[in-house]
Amino acid sequence: MIKKILIANRGEIAIRVIKTCNALGIKSVAVYSDEDVNSKHVKMATESYHIGAASPSQSYLNMEKIVETAINSGADAIHPGYGFLSENADFADLCEKKKLNFIGPSGKSMRLCGDKMLCKAAMSKAQVPTVPGSPGIVEEVEKALDIANKIGYPVLLKSVFGGGGRGIRLVHNEKELRQAFELASGESKAAFGKSALFVEKFLPKIRHIEFQLARDKHGNAVHIFERECSIQRRHQKLIEMSPSPVVDQKTRDEIGQLAVNAAIAVDYENAGTAEFLRLDDGTFYFIEINARLQVEHPVTELVSGLDLVKLQIDIANGEPIPFKQKDLKVNGCAIECRINAEDTFLDFAPSTGKITDVDIPSGPGVRVDTYLYPGSSVSPYYDSLMAKLITWGQNFEESRQRMVLALSDFYIEGVETAIPLYKTILETQEFIKGDLSTDFLDRFKILDRLRDDLKNEASKKADVALAATLIHSEFLKNKITPRKEHSMRWKTQLDRH
Amino acid sequence: MIKKILIANRGEIAIRVIKTCNALGIKSVAVYSDEDVNSKHVKMATESYHIGAASPSQSYLNMEKIVETAINSGADAIHPGYGFLSENADFADLCEKKKLNFIGPSGKSMRLCGDKMLCKAAMSKAQVPTVPGSPGIVEEVEKALDIANKIGYPVLLKSVFGGGGRGIRLVHNEKELRQAFELASGESKAAFGKSALFVEKFLPKIRHIEFQLARDKHGNAVHIFERECSIQRRHQKLIEMSPSPVVDQKTRDEIGQLAVNAAIAVDYENAGTAEFLRLDDGTFYFIEINARLQVEHPVTELVSGLDLVKLQIDIANGEPIPFKQKDLKVNGCAIECRINAEDTFLDFAPSTGKITDVDIPSGPGVRVDTYLYPGSSVSPYYDSLMAKLITWGQNFEESRQRMVLALSDFYIEGVETAIPLYKTILETQEFIKGDLSTDFLDRFKILDRLRDDLKNEASKKADVALAATLIHSEFLKNKITPRKEHSMRWKTQLDRH
Amino acid sequence: MKFKLENTEENLDGEILQSLSNNEFVLKIKGKELNLKILSMTHEKIEFMLDSTYHIAKYLENNTSRITLVADGVKLTFNKHPDLDKIVYKNSGSESAMDSQINLKSQIPGRVVSINVAVGDKIKQGDVVCVLESMKMQVSIKSHKDGAVKSIKIKQGASVAKNDVLAEIE
Amino acid sequence: MKFKLENTEENLDGEILQSLSNNEFVLKIKGKELNLKILSMTHEKIEFMLDSTYHIAKYLENNTSRITLVADGVKLTFNKHPDLDKIVYKNSGSESAMDSQINLKSQIPGRVVSINVAVGDKIKQGDVVCVLESMKMQVSIKSHKDGAVKSIKIKQGASVAKNDVLAEIE
């Protein structure tokens, strides 16, 4: 049985894991870089150890140092959180070698999940549909044409050396494909000495929908419903929710079973996520397994009532999953907004610095996972996620209303955030109707609407701000002296100005 | 449709109602006394009006002033919260007369609930069992003996002029009853000019279990499960939970139906609570209806997913209850601890003053309803409830673990609280086993255990405190200068002492 | 330095063995060596790592004889001169400090509902001297010792603050 | 007093009509009379009732020409001399203040990944001058105007802070 867990992470996810450790009576070990001496996870853990310089490679990615710290502190398990070493198969192997219980899948399974071509092959064998296209690299144009004809135009011609949108060509017919293949092949050979192109069906308007998975050491596997994560910027999720507005119980059962089959296909163990793309016609294509706890796991926790970190620990302890698929029912609706430190109008560029003030919302159905406190810092060394605001409601509309309110109550001073953007999105008719897609921001010109909303908001507060400004001027001229705090002595009569 | 609600209350419950108003887009009007100028409910409402001096009779109990404020501010409804005017039938009538939608039952129904003898008669008619005893005042000793023989000894002989334990005599047989009746009758005549005694069965070890009710203007009525409120001091609830450890689904259905019948018997409208006593043998006796939203309503909200204030508003709007009894299922377990400003070791005497510091717990399954903020005040003019800490878990044990943690994270500086007492109670085997009764604190000598726990806790922290003391002495001698905050400038290298 | 922890009557000793830098120290507490690293410090508050664990302490009171602080949320009071305290106590010749006081003080704020004794009355420890009302509750204030009522300092209906003297009992 | 709300380019006027006491005032804002009652006030922050509604404002910046504050969570900036501003603007003879600047500043902190121009290069507004990396993201920094690169102030691999000058474009 796990008695002491080292958390190989920082920020809100380290705090999240510590909370479950505390609830279960498990001791927690935090690690920290130079930059994180004053971070909240360091303060909350049973024990905390310094592991290196600010740069991740010298601290949170330093496998040897982390494993050594775990052993020296007497920890018997490691929780990797997300990011950093969480999907590093070598790290999982190293833990196993050092007899540390790695809370996640095996290195072998992780490698399978991480290699797109191997994973695709495994899925094909398990009859889990993936995006149609070439099963691997296409050397010759005739082969590419065959595939394109089979899957239907338009198709994307991609280079394995590309990434982030580079090297991708959209082609609509045979002629375009021939031209593009020649060009791309030439470019690739010039740049990398060889060509490595593949063909994939072009999916014009897609939703990102994923299924939470859990599989124990005894082979029991379940899915814990879907999460709709279509609101994105630069292929990174901004808003997630469960259930999805386009998944009914029949679809949930059907695609959920595919997700479970995918987990079995790669011999996945512990909690994970199967990601799918969904077309407007209702077709789902598997894209990958995220071999770790997901940032957006709280929405699943709120609609299932489960503590997923506890479930992870139980599975790592070798316990069977304590429920069956049929015991799980979606309860209400949960929405999460990722509160990143970034400037919406600077193309979501990072914004870092000291948090001079912060008000964290609360109330029925409101949950906030965050490392922020007044005086804390947002470091440029690490990712921009400062907080996750999650609301639960009996239905989508109640959850949405609570989110709108909670966003208004969330005040962060010192860095830019996407809070105003979320307020705009949550109030659009398109979001309310559930007309979501990964290009939601562009498709509905959300940033233009945000600009209008911000102007309206400023205009509405102009009177209040002007009043405060007038008084401040007087104050600065020493014409007003701030009055003393009310005395609370029982005998004192309050003044009544 | 209600568009603007005046909340005739203060403290955490005023804030609770404002939160639902905000979520529903309803405007809120706060009222405040001299003492509450800086209170949180005043700051949160859409509008706030001063209504009088600190003393409740001059402010929160001033019906005319409150109704006038409601009319002048354009409010179309009044939410009374709990306490103050919430169960004042005249106030309900006054609201009706002034065309203000009173969010609660009618004055007529409230009067019936408030008069113990009338209510008992109504219940008898509706076949809702009440504590066995005389149906009204007993004039002659022979009549008292008849009743005692029927209900069985021991019995309590009570005076209607008594209260708070005064004028109550426990008798075990006919001889004792004769003696006691003569004495009590004489005392009563000497003191009040007439005798007014009644007989009730003595119930030695009881639980307090109540059912949440809702009934709309169309006659639809449901119960929303039970709450176990047996942990009390001086007949005031300290800890509440839902479900009760001794109520199974069959009992819930059965007693829940009695509670619904009780509501129908007094033509009750809106949300309310039917209180029962439960004997160890499983017998339930109805005692009264609380004609208002209960302090402990959040535990029901957490296990039902409902927003009870929203339900109240919907019912006041004339809408039918949007679910049937069969749609309701208890989801998990919720526990509430009332965080009162009082000194456990001074017989729970009030403790008032300025809150110099406060840390409010948070985390999965944790909800806090409170008016506290650093710099706020606990006034001697009003009741001692500062905060309600509520935790939810998939089951009792998870909820309890989360409560223990949250209690440890809750720090209130400036007044005494029962937080340490709750930590002791929550960790006792008796509480864990669910061996609850209204005399729990005495029966298990909880205060002695609390003393031990506090000593152990102090002993455990002695090293830390001593270390801090040693450093502080050096600091005061100016031997240590506090180091500066870490610079967060990108280019700055952190020092590494 | 020697301290008595008033919460438990324990005697403790501790000292700073070494100052490694302005922010790091080696302490000896109850005979055990510990490393202390200051994270932040003001007059009111200190955050530090003791060996590998974070702690926060708030200083509520610090005078020549006592220090009261809240360590990780737990309130503790140290007596700084446990030996001296013993001497004073012995010399006072009474059973406890409480008993030697003639002033009956209110431990709560409230309004005087009733006064249940008169000047000159002989009363016993635990007898009700008066009843106060606060926060809708009536609280009986009982005599802290046997004796005679020397004076009554309150009037019915008046308000009293915490620590106000209610009566003198001799 | 006249102000320009920079968020919306609105011109506003307001004045204190009357001081009822040290804590209560009658204001006139956009021609409308309002009662203001101060609940608490420091250099940094004010809490007040405006007619019957509570507000809180934090002052972030207040100099001779501008005041920036957060009113009920909304950040606003007032220009204190809207008329003067217009004159300066007219006399500068350029289309916008932005264009007249030769400094290309970084609006984010980061590490320089690449420099995409050389001194003397003619570039257009929107051309990528360099790429910075911060928080795992690469951000292209584009020229704010047409012109020639006069100087480059950064080196590949170096760190830059927010508002550091990256290059001069003339």
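These numbers come from the heavy atoms of this one structure, side chains and all, not from hydrogens, waters or symmetry mates. In what follows, chains are A, B, ... by sequence order, proteins preceding strands, each numbered from 1.
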J.: Of all heavy-atom pairs between A:Val464 and D:Ala71, which one has the smallest distance, and what is that distance?
T.: CG1-CB, 4.1 Å

J.: Looking only at heavy atoms and a cut-off of under 4.5 Å, which of D:Ile29, D:Leu36, D:Asn7 has the most pairs with chain A?
T.: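 Winner by heavy-atom pair count: D:Ile29.
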
J.: My understanding is that only residues two or more places apart in sequence, or in another chain, count here; which of them pass side-chain contact (heavy atoms from CB on, under 4.5 Å) with D:Val74?
T.: A:Glu457, A:Lys461, D:Leu76

J.: Given that the side chain runs from C-beta out, which part of A:Leu470 has a heavy atom under 4.5 Å from chain D: side chain, backbone, both or neither?
T.: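 For A:Leu470, backbone and side chain are both near chain D.
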
J.: CZ/D:Arg111 to OH/A:Tyr381 distance, rounded to the nearest 0.5 angstrom?
T.: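 Rounded to the nearest 0.5 Å, the CZ-OH separation comes out at 10.5 Å.
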
J.: Does any backbone or side-chain atom of D:Glu15 lie under 4.5 Å from a heavy atom of chain A? Answer side chain, backbone, both or neither.
T.: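 For D:Glu15, backbone heavy atoms alone lie under 4.5 Å from chain A.
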
J.: Would you mind checking which part of A:Asp463 comes under 4.5 Å of any heavy atom in chain D, side chain (CB onward), backbone (N, CA, C, O), both or neither?
T.: both

J.: Can you tell me if D:Lys30 has over 12 outside heavy atoms packed within less than 6.0 Å of its NZ?
T.: yes

J.: Testing the basics here: between D:Phe48 and A:Ala467, what is the closest heavy-atom pair and its distance to 0.1 Å?
T.: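 Where D:Phe48 meets A:Ala467 most closely, the heavy atoms are CE1-CB, 4.3 Å.
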
J.: Name the member of D:Leu27, D:Leu69, D:Leu34 that forms the most heavy-atom pairs with chain A at distances under 4.5 Å.
T.: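 Greatest number of close heavy-atom pairs with chain A: D:Leu69.
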
J.: For D:His43 and A:His472, which heavy atoms make the closest approach, and how far apart are they?
T.: O-CE1, 3.0 Å

J.: Where is the tightest heavy-atom contact between D:Leu5 and A:Ala462, given as atom of each residue plus distance?
T.: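 Scanning both residues completely, I find the closest heavy atoms to be CD2-CB, 3.9 Å.
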
J.: Quick one: pull up OG in A:Ser473 and NZ in D:Lys80 and give me the separation to the nearest 0.5 Å.
T.: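 Here the rounded value is 5.5 Å.
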
J.: Can you tell me how far apart NZ (D:Lys142) and CG (A:Asp347) are? Round to the nearest 0.5 Å.
T.: 6.5 Å

J.: Once rounded to the nearest 0.5 Å, what's the spacing between atom CG of D:Asn62 and atom CG of A:Leu476?
T.: 5.5 Å

J.: Closest approach of D:Phe25 and A:Ile471, non-hydrogen atoms and distance?
T.: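 Minimum heavy-atom separation between D:Phe25 and A:Ile471: CD1-CD1, 3.7 Å.
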
J.: Checking A:Phe410 against chain D: side chain, backbone, both or neither under 4.5 Å from a heavy atom?
T.: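 Interface part for A:Phe410: neither.
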
J.: Looking at D:Ile67, D:Asp13, D:Leu20, which one has more heavy-atom pairs under 4.5 Å with chain A than the rest?
T.: D:Ile67

J.: Spell out the residues in residues 53-60 of chain D that have some non-hydrogen atom less than 4.5 Å away from a non-hydrogen atom of chain A, in order of number; otherwise answer 'none'.
T.: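 Counting heavy atoms that sit under 4.5 Å from chain A, the residues of residues 53-60 of chain D involved are D:His55, D:Ala57, D:Lys58, D:Tyr59, D:Leu60.
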
J.: CG of D:Leu12 to OG of A:Ser459: how many Å apart, nearest 0.5 Å?
T.: 8.0 Å

J.: Are the side chains of A:Thr469 and D:Phe3 in contact, using a 4.5 Å heavy-atom criterion?
T.: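 Answer yes - side chains close enough.
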
J.: Between A:Asn456, A:Leu346, A:Asp343, which residue shows the highest count of heavy-atom pairs closer than 4.5 Å to chain D?
T.: A:Leu346

J.: Relative to chain A, which of D:Val70, D:Ile46, D:Leu132 shows the most heavy atom pairs under 4.5 Å?
T.: D:Val70

J.: If you take all heavy atoms of A:Lys455 and D:Thr8, which pair is closest and at what distance?
T.: O-CG2, 3.4 Å

